[in-house]
Amino acid sequence: MSRLIVISNRVSAPTADKPGAQGGLAVALSAALREADGVWFGWSGETGETGEPNFQTFDGVTSATIDLPEQDVEEYYDGYANRTLWPLFHYRLGLTEFEREFQGGSERVNRLFGDVIAPHIQSDDLIWVHDYHLIPLGWMLRQQGLTNRLGFFLHIPWPPTRLLTALPEHRRLVDALFAYDVVGFQTREWLETFHDYVVREMGGSIGEDDLVTVGGRTIRVIACPIGIDADEFIANATSEQAQAAYTRMVESSIGRSLIIGVDRLDYSKGLEERFNGYQRYLETRPDAHANVYLLQIAPPSRATVESYQIIRAQLDSLSGRINGAFADVDWVPLRYVNQSYPRAALAGIYRAARIGLVTPLRDGMNLVAKEFVAAQDPEDPGVLILSRFAGAAEQLDSALLINPYSPDDIADAIDKALAMSREERVARWRPMFENVRDESVIWWRRCFTDSLMRV
Ligand code: F6P
């Protein structure tokens with residue numbers, strides 16, 4: 001059987017010294033790899049001279065990491081990935097920085113990844129590259145002479161053609177995708193915007209069976225939404241740690257309804273707009289005060305990038321203003337927490353919540369929405385309020401779908417969710433739960449690798 005080689009910017013597979021909390025994507029990739037024999041290559045997250053990969057096997061997953069020199073981290077990761085592609089692909093042209101050395105750094109690091117990884121590849125390995133940092137890697141691996149089946153999956157949105165063409169080297173970036181055999185997107189929407197670029201900008205054509213042709217090169221391009229390790233998360237929700245977190249929340253809520261938000265601290269997550277929506281709810285429903293509170297968990301990320309420092313400072317002051325304006329001696333309307341929690345504890349917190357508030361301005365998928373659904377008590381589930389601009393909205397369409405830019409939309413949805421009958425909550429939750437269970441991370445891994453195997 002072929003090995004599965006996963007390559008992503010950062011490897012956050014659990015290791016013996018760091019077995020703890022991980023983000024949604026890391027958990028998903030660990031689960032996919034545990035099921036298939038394979039190796040996960042990527043950056044260790046540390047700065048230093050790049051040497052041979054450091055191989056470690058823990059909990060059924062082998063990881064192989066390299067360090068990157070400081071200049072590479074600044075230009076490739078902080079620069080091109082987080083100051084150019086991330087804002088552009090999340091429709092934030094105003095935050096996008098166009099610096100030639102960022103692009104140079106990105107190409108240099110992609111080439112370095114290719115040079116370091118290629119000697120460890122066997123001829124029948126399936127290679128699966130992940131995310132916007134590594135778009136050019138397929139091309140670099142082909143230059144090393146690799147003829148393996150090569151796939152790429154984009155975890156974030158694909159931007160509309162007119163936005164993408166703001167990037168001076170847009171054509172070079174998209175050309176690089178044609179070094180892969182299969183390219184995957186999270187949703188039909190991103191797939192269609194990619195088709196649009198291919199037709200308009202490249203003069204390409206869209207054929208049967210997911211095939212896309214430009215010049216003499218045909219690749220398969222699919223929509224294949226990532227899921228969560230549903231069985232693990234459902235088990236998590238009733239674990240001892242989850243029970244303890246559940247009890248802690250119920251006791252500290254003293255009969256008030258908990259609204260929960262859990263997000264990496266990122267401007268794409270719509271946290272400022274969410275706080276404004278909650279503030280609108282408090283302003284317009286004075287009778288509801290003291291019956292409800294919002295717990296927002298937001299661990300900081302990418303703290304060296306200025307736009308992240310700005311959003312953090314804005315949220316600090318907005319949360320202070322909301323509490324200053326509405327709190328009472330025995331009630332704090334907003335608990336804003338900047339630390340991360342183990343997944344089992346989160347499962348318990350989700351289960352204790354009456355509402356899951358997931359309102360990104362733009363999101364490739366959003367696995368928090370799926371985890372919230374998986375953690376609910378089937379007899380008495382909470383309500384998911386979900387941004388219509390999250391990839392997850394294509395699958396979780398019986399959530400209360402809202403426009404995250406509209407404070408009134410958010411406030412009305414909170415009102416509706418708090419008043420919703422148990423019958424309606426169950427009726428909305430059940431199809432979402434079935435989707436989360438059936439289209440799990442294992443389903444996603446198969447959906448993509450089966451497509452790659454057909455090449
Ligand atoms: O989902 C997009 C993504 O960039 C993932 O690739 C990554 O695991 C996650 O967000 C967190 O980003 P970072 O590694 O920059 O903290």
Side-chain angles (χ1 to χ4, degrees), residues 6-14 18 20-33 40-47 61 63 65-68 72-92 95 102 105-106 109-110 113 128-135 137 152-159 184-187 190 224-228 262-270 297-309 311-312 338-340 343 358 360-371 389-392 441 444:
V6 164
I7 311 174
S8 69
N9 164 55
R10 193 198 288 274
V11 172
S12 28
K18 273 192 254 156
Q22 299 173 282
L25 173 58
V27 171
L29 288 178
S30 298
L33 271 166
W40 183 357
F41 282 94
W43 176 37
S44 60
E46 305 293 330
T47 47
V61 179
S63 57
T65 54
I66 53 168
D67 296 346
L68 289 176
D72 286 351
V73 174
E74 278 168 22
E75 291 174 0
Y76 148 82
Y77 174 68
D78 288 345
Y80 203 61
N82 291 335
R83 290 163 66 179
T84 305
L85 295 185
W86 179 271
L88 183 67
F89 279 46
H90 286 85
Y91 297 49
R92 301 297 288 270
L95 295 178
F102 290 174
S106 167
V109 172
N110 273 272
F113 265 62
W128 190 7
V129 177
H130 291 262
D131 237 353
Y132 56 104
H133 320 75
L134 297 179
I135 291 174
L137 180 58
F152 176 83
F153 191 85
L154 185 70
H155 290 265
I156 65 174
W158 182 264
F185 295 101
Q186 301 272 26
T187 66
W190 319 136
C224 177
I226 193 172
I228 61 168
V262 178
D263 306 79
R264 220 166 29 78
L265 209 168
D266 191 300
Y267 50 80
S268 67
K269 302 294 181 185
I297 297 176
S301 74
R302 305 177 188 169
T304 48
V305 177
E306 197 191 3
S307 47
Y308 287 76
Q309 295 161 359
I311 180 72
R312 185 167 186 184
N338 287 134
Q339 57 171 304
S340 57
R343 292 163 49 68
V358 184
L361 303 179
R362 212 36 87 164
D363 211 335
M365 173 51 57
N366 199 296
L367 295 178
V368 167
K370 295 188 172 185
E371 290 180 350
F389 305 133
V441 70
W444 168 71

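The model shown is predicted, which means the values in this text are computed figures rather than measured ones. Numbering of ligands and ligand atoms starts at 1, following listing order.
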task = Compare Asp131, Val11, Asp78 and give the one whose heavy atom is closest to atom 1 (O) of ligand 1.
result = Asp131
task = Can you sort out which atoms of ligand 1 are near Arg264, meaning under 4.0 Å from one of its heavy atoms?
result = 10 (O), 11 (C)
task = Nearest heavy atom to atom 16 (O) of ligand 1 wins, so pick from Tyr132, Tyr77, Trp43, Trp86.
result = Tyr77
message = With a cutoff of 4.0 Å, is Met365 in contact with ligand 1, counting heavy atoms of the residue only?
response = no
message = Quick one, Cys224 and Trp444 - any side-chain contact, counting heavy atoms below 4.5 Å?
response = yes
request  = Could you list the residues that satisfy side chain to side chain donor-acceptor pair (under 3.5 Å) with Gln186, not counting sequence neighbours?
outcome  = none
query = With Trp43, which of Asn9, Val109, Val11 fulfils side-chain contact (heavy atoms from CB on, under 4.5 Å)?
reply = Asn9
inquiry  = Is it true that, when you exclude Gln309 itself, more than 12 heavy atoms of the residues, nucleotides or ligands shown sit nearer than 6.0 Å to its CD?
reply    = yes
request  = Could you tell me which residues satisfy side chain to side chain contact (heavy atoms under 4.5 Å, CB included) with Pro360, sequence neighbours excluded, listed by chain and number?
outcome  = Val358, Asp363, Asn366, Ser387, Ala390
inquiry  = Arg10 versus ligand 1: do any nitrogen or oxygen atoms come within less than 3.5 Å of each other?
reply    = yes
query = Is any N or O atom of Asn82, backbone or side chain, closer than 3.5 Å to an N or O atom of ligand 1?
reply = no
